[in-house]
Number of protein chains: 2
Amino acid sequence: MENNVREMFQIMTRRFGLLDKNCCTAGGLDISLVQSHIIYEIDRKHNPSIQQVADALSIDITTFSRQVQSLVKLRLVQKTPLPEDRRINILSLTTQGKFVATVIDEQMNDYLKEVFSHMSEFERDMVINAVKLLNESMAKSSVCCTPLG
Amino acid sequence: MENNVREMFQIMTRRFGLLDKNCCTAGGLDISLVQSHIIYEIDRKHNPSIQQVADALSIDITTFSRQVQSLVKLRLVQKTPLPEDRRINILSLTTQGKFVATVIDEQMNDYLKEVFSHMSEFERDMVINAVKLLNESMAKSSVCCTPLG
DNA sequence: CAAAATACTTGCAAAATGCAAATAATAATG
DNA sequence: CATTATTATTTGCATTTTGCAAGTATTTTG
């Protein structure tokens with residue numbers, strides 16, 4: 001039993017990773033896994049800086065800088081220097097970028113809905129509570145993942 | 001509430017992905033995320049072929065072929081042609097490879113133990129049941145992840 | 001104001017990726 | 001039984017991604 005716990009988490013993680021990998025074609029563009037995470041994070045945070053998003057996703061800042069450049073080139077993301085500290089660049093989604101974020105979000109929600117359709121309502125609530133609990137516990141953990149939240 | 005569901009899953013997935021990213025230094029070697037997944041899968045399956053592992057991990061077969069080559073070079077993995085069909089190469093872990101798999105496994109289990117330590121026993125059981133249920137439902141899903149199990 | 005710190009970018013060189021094509025072995029067909 | 005698929009894996013090649021070291025620009029600190 002104890003032995004299976006890691007296996008269960010490994011499989012679950014891999015499945016969600018896979019889902020991401022298949023993601024995403026949106027608005028006629030092929031979005032990579034990393035790009036979809038970046039778009040998601042910019043959408044979620046309120047005017048994040050480059051550094052903040054890189055930290056949140058644990059991506060090396062130099063790699064991230066270039067990822068942002070390519071998203072800017074695709075006209076999905078905008079960089080705006082912060083007036084009160086011009087070292088800092090604020091990231092935001094363009095209209096096109098918001099559209100892509102919405103499409104990806106719908107795809108993910110459809111998938112989650114489909115997965116939940118194989119459960120009873122009781123089970124569905126249990127799973128949601130469990131994931132919430134897991135996130136809270138991981139946030140408390142000293143081992144990993146402090147930047148996330 | 002509905003809105004938060006995807007967010008919860010996104011955060012959870014990212015956290016477990018992160019954990020993997022930090023993983024692993026084992027036996028004096030730095031193991032990449034992809035390598036740790038490959039080692040895990042070879043350990044888990046019984047004498048898998050190259051094709052089988054590539055499918056299980058949804059890695060392009062040509063990329064995977066080269067990943068295996070580098071793991072062979074690191075003396076963590078062995079390729080053995082199958083006698084009854086010499087097109088097929090069976091993968092197995094060397095002693096060193098098994099050691100690395102064990103070290104990674106212990107790290108992951110320690111982490112899970114730490115995460116669960118922030119919960120009651122009741123909550124822990126709920127989370128484990130929920131993850132099991134999730135995996136079963138994802139397996140039933142038509143959208144994603146059929147090769148996994 | 002000079003030195004240190006912060007936010008970000010660029011130069012490289014190494015690694016990873018994936019399509020197309022090759023090789024090698026087996027299975028299927030006529 | 002020779003020929004043609006089919007399957008498993010590898011290599012060529014060109015592109016992309018990655019991350020360290022070093023750079024620029026701006027702000028903070030002493």
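Chain letters run A, B, ... following the sequence lines, proteins first, then strands; residues in each count from 1. Below, each value reflects all heavy atoms present in this structure, side chains not excepted, and no hydrogens, waters or symmetry copies.
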Participant: Separation of A:Asp60 atom CG from C:dA15 atom C1', in whole Å?
Facilitator: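 My rounded result for the distance is 14 Å.
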Participant: Can you tell me how far P of D:dT17 sits from NE2 of A:His37, to the nearest Å?
Facilitator: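 Atom NE2 in A:His37 sits about 15 Å away from atom P in D:dT17.
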Participant: Hey, which sits more toward the 5' end of DNA chain D by its nearest nucleotide, A:Gln35 or A:Asp85?
Facilitator: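 Between the two, 5'-proximity favours A:Gln35.
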Participant: So, do B:Glu84 and B:Ile88 sit near enough that their side-chain heavy atoms are less than 4.5 Å apart?
Facilitator: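 Of all side-chain heavy-atom pairs linking B:Ile88 with B:Glu84, none is under 4.5 Å.
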Participant: Measure the distance from CG on A:Leu33 to C1' on D:dT18 and round it to the nearest whole Å.
Facilitator: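 Interatomic distance, CG of A:Leu33 to C1' of D:dT18: 15 Å.
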Participant: Toward the 5' end of DNA chain C, which comes first, B:Arg66 or A:Ile61, by nearest nucleotide?
Facilitator: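 Counting from the 5' end, the first nearest nucleotide belongs to A:Ile61.
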Participant: For a quick check of understanding: with a heavy-atom distance under 4.0 Å over all strands, which category does A:Ser49 fall into, base, sugar-phosphate or nothing?
Facilitator: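 Sugar-phosphate contact only - A:Ser49 comes under 4.0 Å of backbone atoms but never of a base.
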Participant: When you get a sec, tell me which of C:dG18, C:dC8, D:dT10 is the closest nucleotide to the side chain of A:Asn89?
Facilitator: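 Nearest listed nucleotide: C:dC8.
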Participant: Any donor-acceptor pair under 3.5 Å joining the side chain of A:Thr62 to the base of C:dC8?
Facilitator: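 Such a pair does not exist between side chain and base.
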Participant: Whole angstroms only, please: what is the CD-P distance between B:Glu84 and D:dT7?
Facilitator: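 These atoms are roughly 18 Å apart.
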Participant: Exactly one of A:Leu76, A:Leu93, A:Leu91, A:Val100 should register a side chain to side chain contact (heavy atoms under 4.5 Å, CB included) with A:Leu71. Which one does?
Facilitator: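 So the option named by the test is A:Leu76.
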Participant: Starting from C1' on C:dC8, measure out to CG on A:Asp55 and report it in whole angstrom.
Facilitator: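 Going from A:Asp55 (CG) to C:dC8 (C1'), I get 13 Å.
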Participant: Of all the choices, C:dT9, D:dT10, C:dT26, which nucleotide is nearest to the side chain of B:Arg87 once you look at every atom?
Facilitator: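 The answer is C:dT26.
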Participant: Would you indicate, yes or no, if C:dT9 has its OP1 or OP2 atom less than 4.0 angstrom from a side-chain nitrogen or oxygen of A:Lys79?
Facilitator: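 Yes, such a contact exists.
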Participant: Please tell me if B:Gln69 has a side-chain N or O lying less than 4.0 Å from either OP1 or OP2 of D:dT11.
Facilitator: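 B:Gln69 to D:dT11 OP1/OP2: side-chain N or O found under 4.0 Å.
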Participant: In whole angstrom, give the distance that lies between atom CG of B:Leu57 and atom P of C:dT17.
Facilitator: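 Distance check: B:Leu57 CG to C:dT17 P gives 12 Å.
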Participant: Check this one for me: any side-chain N or O of A:Ser65 less than 4.0 Å away from OP1 or OP2 of C:dT9?
Facilitator: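 Affirmative; the distance criterion is met.
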Participant: Between the main-chain N or O of A:Glu7 and the side-chain N or O of A:Asn4, is there a donor-acceptor pair closer than 3.5 Å?
Facilitator: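 No: the side chain of A:Asn4 does not pair with the backbone of A:Glu7.
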Participant: Using the side-chain heavy atoms of A:Ile88, tell me which of these nucleotides is nearest: C:dT10, C:dA7, D:dC20.
Facilitator: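 Ranking C:dT10, C:dA7, D:dC20 by closest atom to the A:Ile88 side chain puts C:dA7 first.
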Participant: Quick one: A:Asp30 CG to C:dT17 C1', roughly how many Å, whole number?
Facilitator: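 For the pair A:Asp30 CG and C:dT17 C1', the rounded distance is 15 Å.
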Participant: Looking at A:Asp105 and A:Ala101, would you say the former's side chain and the latter's main chain have a donor-acceptor pair under 3.5 Å?
Facilitator: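 No, the answer is negative, given that no donor and acceptor are paired below the 3.5 Å cut-off.
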Participant: Counting distance only, does the side-chain N/O of B:Glu41 pair as donor-acceptor with the main-chain N or O of B:Ile38 below 3.5 Å?
Facilitator: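 Checking the backbone N and O of B:Ile38 against the side chain of B:Glu41, no donor-acceptor pair under 3.5 Å is found.
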Participant: Find the distance B:Ile59:CD1 to D:dA8:C1' and express it as a whole number of Å.
Facilitator: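 In whole Å, D:dA8 C1' lies 17 Å from B:Ile59 CD1.
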Participant: In terms of side-chain heavy atoms of A:Arg86, which of D:dT27, C:dC8, D:dT9 is nearest?
Facilitator: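 When the side chain of A:Arg86 is considered, D:dT27 is the closest of D:dT27, C:dC8, D:dT9.
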Participant: By nearest nucleotide on DNA chain D, pick out whichever of B:Gln52 and A:Gln67 is the more 5' one.
Facilitator: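 Per heavy-atom nearest nucleotide, the more 5' residue is B:Gln52.
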